[in-house]
Amino acid sequence: MAAQRAEEDALAGWSARELATLRRRLRAWYREAARPLPWRESHDAYRVWISEIMLQQTTVAAVIPYYERFLTRFPTVAALAAASESDVLQLWEGLGYYSRARNLRRAAQVVVEQHAGEFPQAVEELQALPGIGRYTAGAIVSFAFNRPAPIVEANTLRLYCRLLGTRVDPRSAVGQRLLWEFAGRLPPASEPSEINQALMELGATVCTPREPGCQRCPLLSHCRAAATGLQHEIPPPARRPELTRVVERAVVVRRRGQVLLMQHGVDERWAGLWNFLRFPAEEVTGSLSEHLQQRFGVRATVGDPFHTLTHGVTRYHITLHCHAAQWQSGEPHEGTRPFQWVSLDQLAGVPLPQSGRKLARLLVAEGTTTQRRLFAE
DNA sequence: AAACCGGGGGT
DNA sequence: ACCCCAGGTTT
């Protein structure tokens with residue numbers, strides 16, 4: 001296989017001597033260029049774990065305030081294990097990928113119940129916990145326990161591809177095997193944590209996607225891509241899925257100063273979070289009022305849209321038309337989906353997706369006058 | 001292998 | 001408007 005040949009070629013020529021030199025230069029650079037990150041404060045597995053889960057597909061700047069609040073509210077794995085799912089989701093609100101929060105709580109319960117509250121120190125055992133994959137397991141082992149473990153994520157993936165000078169697709173099975181093999185050779189027995197952090201930091205700040213700073217890279221003389229001028233073409237860009245435009249409707253049903261919320265099911269987007277009544281506009285065949293009665297068993301008078309907001313979610317661009325409605329009769333039901341009535345004051349304590357929160361803020365901020373207009377009682 | 005999961009920030 | 005992000009799970 002051509003791909004297999006490319007893999008062998010890419011790994012050939014990295015002598016133990018060269019790797020030792022590479023590590024020395026990397027450490028020297030890192031000790032100058034270091035920026036503070038939450039987990040540098042301690043080598044606590046719980047803290048490293050929380051931060052790594054939050055950082056999945058999420059930028060450092062976005063994570064920091066969430067990390068601080070989370071550690072204050074749930075300072076130990078035992079505290080997290082004892083929390084309700086809703087409480088954990090509440091702290092996760094706005095961060096996205098909410099299965100991370102649900103898995104976090106489940107994993108905490110496993111650690112408490114099956115590991116006596118102590119994090120296992122082996123990659124395989126950590127990877128068996130919900131929400132912990134190969135990267136996060138390696139990150140915990142190397143950062144928290146300071147034991148050698150390979151890490152491959154967005155930054156090191158790009159860095160390794162360029163160092164290796166390979167045009168192999170890093171997302172393919174062959175590419176993955178190549179990268180993890182190379183990643184396994186990099187952390188030394190002594191102080192591997194620093195090397196792994198330095199690799200990620202170099203990828204994040206110097207070996208960047210668009211304009212890699214090769215002139216200031218401490219590993220320039222080791223880089224097979226830079227040697228041949230291929231750093232801009234490696235790694236090959238991922239194919240972007242096409243954006244689908246959809247129109248949805250949200251209905252704020254009001255009854256005696258309270259609003260109606262539905263909970264998203266486990267097989268839906270925003271699983272476990274609450275929302276106003278919300279559905280694709282195309283599912284509405286007749287009037288909105290008829291739709292509410294047929295689908296939720298609720299009689300209500302529905303007004304024209306009072307607000308429209310757009311937002312992106314995964315590969316969808318959503319236009320959301322928001323309606324105010326006045327409840328008349330009928331308790332809401334739809335399969336086993338939970339519903340609840342909450343006052344506007346209580347809304348702050350219920351986990352909502354970002355789009356729902358924007359709508360909620362609108363209701364609270366609009367004031368009594370507008371609400372009276374929207375909900376003619 | 002491909003789809004799915006969210007939202008923010010940079011350009 | 002498009003690209004990227006300290007990924008993991010499910011199909």
Side-chain angles (χ1 to χ4, degrees), chain A residues 35 37-40 47-67 89 92-104 106-107 126-140 142-144 149-160 169-176 179-180 183 193 196-205 207-212 235-245 264-273 275 309-318 351-358:
Chain A
R35 59 176 176 176
L37 282 180
W39 58 73
R40 291 238 176 75
R47 290 170 175 261
V48 171
W49 175 50
I50 301 299
S51 62
E52 288 299 336
I53 299 294
M54 286 186 171
L55 284 162
Q56 288 172 6
Q57 300 294 286
T58 310
T59 55
V60 173
V63 160
I64 288 177
Y66 283 86
Y67 176 83
L89 284 172
W92 211 265
E93 183 183 295
L95 204 52
Y97 287 119
Y98 298 96
S99 65
R100 293 185 292 178
R102 293 150 46 86
N103 285 335
L104 211 52
R106 286 175 48 211
L126 286 166
Q127 218 177 326
L129 295 171
I132 296 185
R134 197 170 178 180
Y135 162 73
T136 305
I140 295 173
S142 59
F143 298 153
I151 51 165
V152 178
E153 41 65 70
N155 297 305
T156 47
L157 176 146
R158 188 172 53 249
L159 175 64
Y160 299 163
D169 182 353
R171 292 164 292 277
S172 69
V174 171
Q176 283 290 304
L179 291 172
W180 282 101
S193 169
N196 274 354
Q197 290 191 56
L199 287 164
M200 294 176 69
E201 184 75 357
L202 187 65
T205 61
C207 199
T208 51
R210 303 301 187 79
E211 286 301 326
R239 192 180 55 80
R240 290 291 150 194
E242 200 162 326
L243 211 60
T244 305
R245 294 179 182 280
H264 291 284
V266 290
D267 57 344
E268 291 179 318
R269 192 158 64 211
W270 302 313
L273 275 68
N275 214 332
L309 64 89
T310 65
H311 66 110
V313 39
T314 313
R315 41 181 287 264
Y316 297 95
H317 181 272
I318 301 178
L352 305 176
Q354 197 63 3
S355 53
R357 180 57 65 195
K358 284 180 183 171

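Every chain is numbered from 1 and lettered A, B, ... according to where its sequence line falls, protein lines coming before strand lines.
Atom CZ in A:Arg171 sits roughly 12 Å away from atom C1' in C:dC4 (whole-Å rounding). Rounded to an integer number of Å, the gap from A:Gln127 CD to C:dG7 P is 15 Å. Across the protein-nucleic acid pair, A:Ile132 atom CD1 and C:dG8 atom C1' stand 11 Å apart, rounded to whole Å. A straight line from CH2 of A:Trp180 to P of C:dG7 spans 11 Å, rounded to a whole angstrom. With rounding to whole Å, A:Arg239 atom CZ is found 14 Å from B:dA1 atom P. The separation between A:Arg102 atom CZ and C:dT10 atom P is 11 Å, rounded to whole Å. Straight-line distance from the CG atom of A:Leu157 to the P atom of C:dC4: 12 Å, rounded to whole Å. Rounded to an integer number of Å, the gap from A:Leu104 CG to C:dT9 P is 12 Å.
A donor-acceptor contact closer than 3.5 angstrom links the side chains of A:Asn103 and A:Arg106. The closest side-chain donor-acceptor pair between A:Ser193 and A:Gln197 falls under 3.5 angstrom. A:Arg245 and A:Thr310 are not linked by any side-chain donor-acceptor pair at a separation below 3.5 angstrom, with hydrogens and angles left out of the test.
Within 4.0 Å (heavy atoms only), A:Thr156 reaches no atom of the nucleic acid at all.
Remark: side-chain polar atoms of A:Trp92 are paired, donor with acceptor, to backbone N or O of A:Gly96 under 3.5 angstrom. When atom types are taken as modelled, the side chain of A:Asn196 and the backbone of A:Ala149 share a donor-acceptor pair closer than 3.5 angstrom. Remark: side-chain polar atoms of A:Arg47 are not paired, donor with acceptor, to backbone N or O of A:Ala144 under 3.5 angstrom. Side-chain N or O atoms of A:Arg100 include one that pairs as donor or acceptor with a backbone N or O of A:Met54 at under 3.5 Å. Using modelled atom types, one side-chain atom of A:Glu153 and one backbone atom of A:Thr156 make a donor-acceptor pair closer than 3.5 Å. A donor-acceptor pair under 3.5 Å links the side-chain atoms of A:Tyr66 to the main chain of A:Glu93, judged by distance alone.
Between A:Pro130 and A:Leu55, the one whose closest nucleotide on DNA chain C sits nearer the 5' end is A:Leu55.
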Whether each nucleotide of nucleotides 5-11 of chain B has a protein heavy atom under 4.0 Å at its base (B), only at its sugar-phosphate (S) or at neither (-) is summarised, 5' to 3', as BBBS---
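When base pairs are accepted only as Watson-Crick or G-U wobble with both N-N or N-O distances under 3.5 Å, DNA chain B takes part in stems of 3 or more pairs at B:1-5 with C:7-11, B:7-11 with C:1-5.
Proximity of A:Arg134 to the phosphate of C:dG7: no side-chain N or O atom is located under 4.0 Å from OP1 or OP2. Regarding contacts with the backbone of C:dC4, every side-chain N or O of A:Arg158 stays at 4.0 angstrom or more from both OP1 and OP2.
A distance of about 15 Å separates the P atoms of B:dG6 and C:dT11, rounded to the whole Å.
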